[in-house]
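A quick write-up on the structure given underneath.
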2 protein chains.
Amino acid sequence: MKLTTLDALLIFLVGHKSQSGYDIRQLFQSTPLGMFSDSPGSIYPSLARLEEHELLAGSTESGGRRRRSYKRTAAGQKALAAWLEWPLERDPRKRRSGEVELRFVIMADALGAARTVKFLDEVDTAYSDQLREIEAFMGGAGAQMNEASRAANDLGMRTIRLHIEWCREMKKKMGRRS
Amino acid sequence: MKLTTLDALLIFLVGHKSQSGYDIRQLFQSTPLGMFSDSPGSIYPSLARLEEHELLAGSTESGGRRRRSYKRTAAGQKALAAWLEWPLERDPRKRRSGEVELRFVIMADALGAARTVKFLDEVDTAYSDQLREIEAFMGGAGAQMNEASRAANDLGMRTIRLHIEWCREMKKKMGRRS
DNA sequence: TCGTCCATGTAACGCGTTACATGATTTG
DNA sequence: CAAATCATGTAACGCGTTACATGGACGA
């Protein structure tokens, strides 16, 4: 079963303590995780799918309000680890925003510092390649673009540089303790 | 008809000179615009839809290779202007990446510097609000997060600050000539 | 007990993705 | 002419979105 980014996030979230769909919706509304939709039509079907494939174990609590909470299974743990090993989409233009950060957090939690440093290395390389490509484009064909387009690309380049910088800081920081 | 981001981009692209689906695919492959899919299954149906609604006018050229190219209609121009006026999704976590930049470029081209400065103002405000929210969160509930999560949020905040900075530079630059 | 919130779902719909299909036209 | 490439589509599928539906628990 091919996990979506949301699937992976859900499996991650119920790992430490079991949570319900409603808990997760609250989380998405109130934290920077909210890049994912908090709509019931997105979360509940995903949870149901994951339970069907036995990557999560659901249990309906009796007493008080009706409430179905989930926890991660061993198979879920394996699936999450497999998701982490999937090759990262090389082209940053195609990655959904926040995906790198999400992978980073899950990986640091699940696989430890050494593996995460390796991941940061890949990300650094991917961003650096992309940056060189854009710089080359701007020096060549892109030079004739209008001012607004050049400005937008400038923002893009600065954003990539920021991410590269962050990667390198993280590599240093995590390398010291692995 | 509610335009998708891709729709708006297509209408914009065929505005200055008429282009075919193939031209646009090439563009998406070779430029930073490639945040959009260059797959035929995405571009051709969208072009067909837009032609059906008469926002684009298609014409099959005779002679040489079979080739259907599109140009913007007056209705297309109006629809694009209407798209620009749609309220920007306030929550930056929900915006697809690159949407602000795309709007900026199209707006600068279609509506001129004064309106674009106003747009940059809104964006600045939205980002600043969001930044304050995250900072508050990090000072409160978020303080107990693990190190990796804090680092990811730190990247998020830095990215927002970069965007705010860019907005203000652009406002200054464009304000001088409007 | 009446409304409001809690909590979970479902149905319809549209778009994007992947994969496949089709011909026509250069190129060697 | 054979092969590669140009150029446009289409069919199946899945996920996310929006909107609607349900029903129990809690507060006034």
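What you see is a predicted model; the values in this text were computed from it and never measured.
- When distances are taken from the side chain of A/Pro45 to each of C/dA19, C/dT10, D/dA7, the shortest belongs to C/dT10.
- Summarising the geometry, the separation between CZ on A/Phe36 and C1' on D/dT17 is reported as 15 Å, rounded to the nearest angstrom.
- Contact annotation for A/Ser20: backbone-only contact, meaning every heavy-atom pair under 4.0 Å involves sugar-phosphate atoms and none involves a base.
- B/Arg90 has its side chain out of reach of B/Gln130: every pair of non-hydrogen atoms, C-beta onward, lies at least 4.5 Å apart.
- Taking atom CZ on A/Arg67 and atom P on C/dT8, their separation rounds to 7 Å, with Å as the unit.
- Across all strands, A/Ser42 comes closer than 4.0 Å to base atoms (heavy-atom distances).
- A/Lys94 places its NZ atom 12 Å from the C1' atom of C/dG16, with the value rounded to the nearest Å.
- Using a 4.0 Å heavy-atom criterion, one finds that B/Gly21 contacts the sugar-phosphate atoms exclusively.
- Counting heavy-atom neighbours within 6.0 Å of B/Glu122 CD, excluding the residue itself, gives a total above 12.
- Annotation: cation-pi pair B/Arg103/B/Trp83 present, NZ/CZ under 6.0 Å from the ring centroid and within 45° of its normal.
- Across all strands shown, B/Arg68 has heavy atoms under 4.0 Å from sugar-phosphate atoms exclusively, and none from any base.
- Contact between the side-chain N/O atoms of B/Arg49 and the OP1/OP2 oxygens of C/dC15 is found at a separation under 4.0 Å.
- Checked by atom type, the side-chain pair A/His16/A/Asp109 shows a donor-acceptor distance below 3.5 Å.
- Distance A/Arg65 CZ to C/dT4 P: 15 Å, rounded to the nearest Å.
- Rounded to a whole Å, the OH atom of B/Tyr22 is 15 Å from the C1' atom of C/dG23.
- Phosphate proximity of D/dT17 to A/Ser37: present, with a side-chain N or O under 4.0 Å from OP1 or OP2.
- Geometric assessment of B/Lys2 against the ring of B/Trp86 yields a positive cation-pi assignment under the 6.0 Å and 45° thresholds.
- Nucleotide D/dC6 holds its P atom 17 Å from the CD atom of B/Gln19, rounded to whole Å.
- In this structure, A/Asp38 places its CG atom 15 Å from C1' of C/dC6, rounding to the nearest Å.
- Atom CD1 in B/Ile43 sits about 17 Å away from atom P in C/dA19, given to the nearest Å.
- Closest to the B/Arg66 side chain, of the nucleotides D/dG9, C/dG9, D/dG16, is D/dG9.
- A/Ser39 comes within 4.0 angstrom of a base, heavy atoms only.
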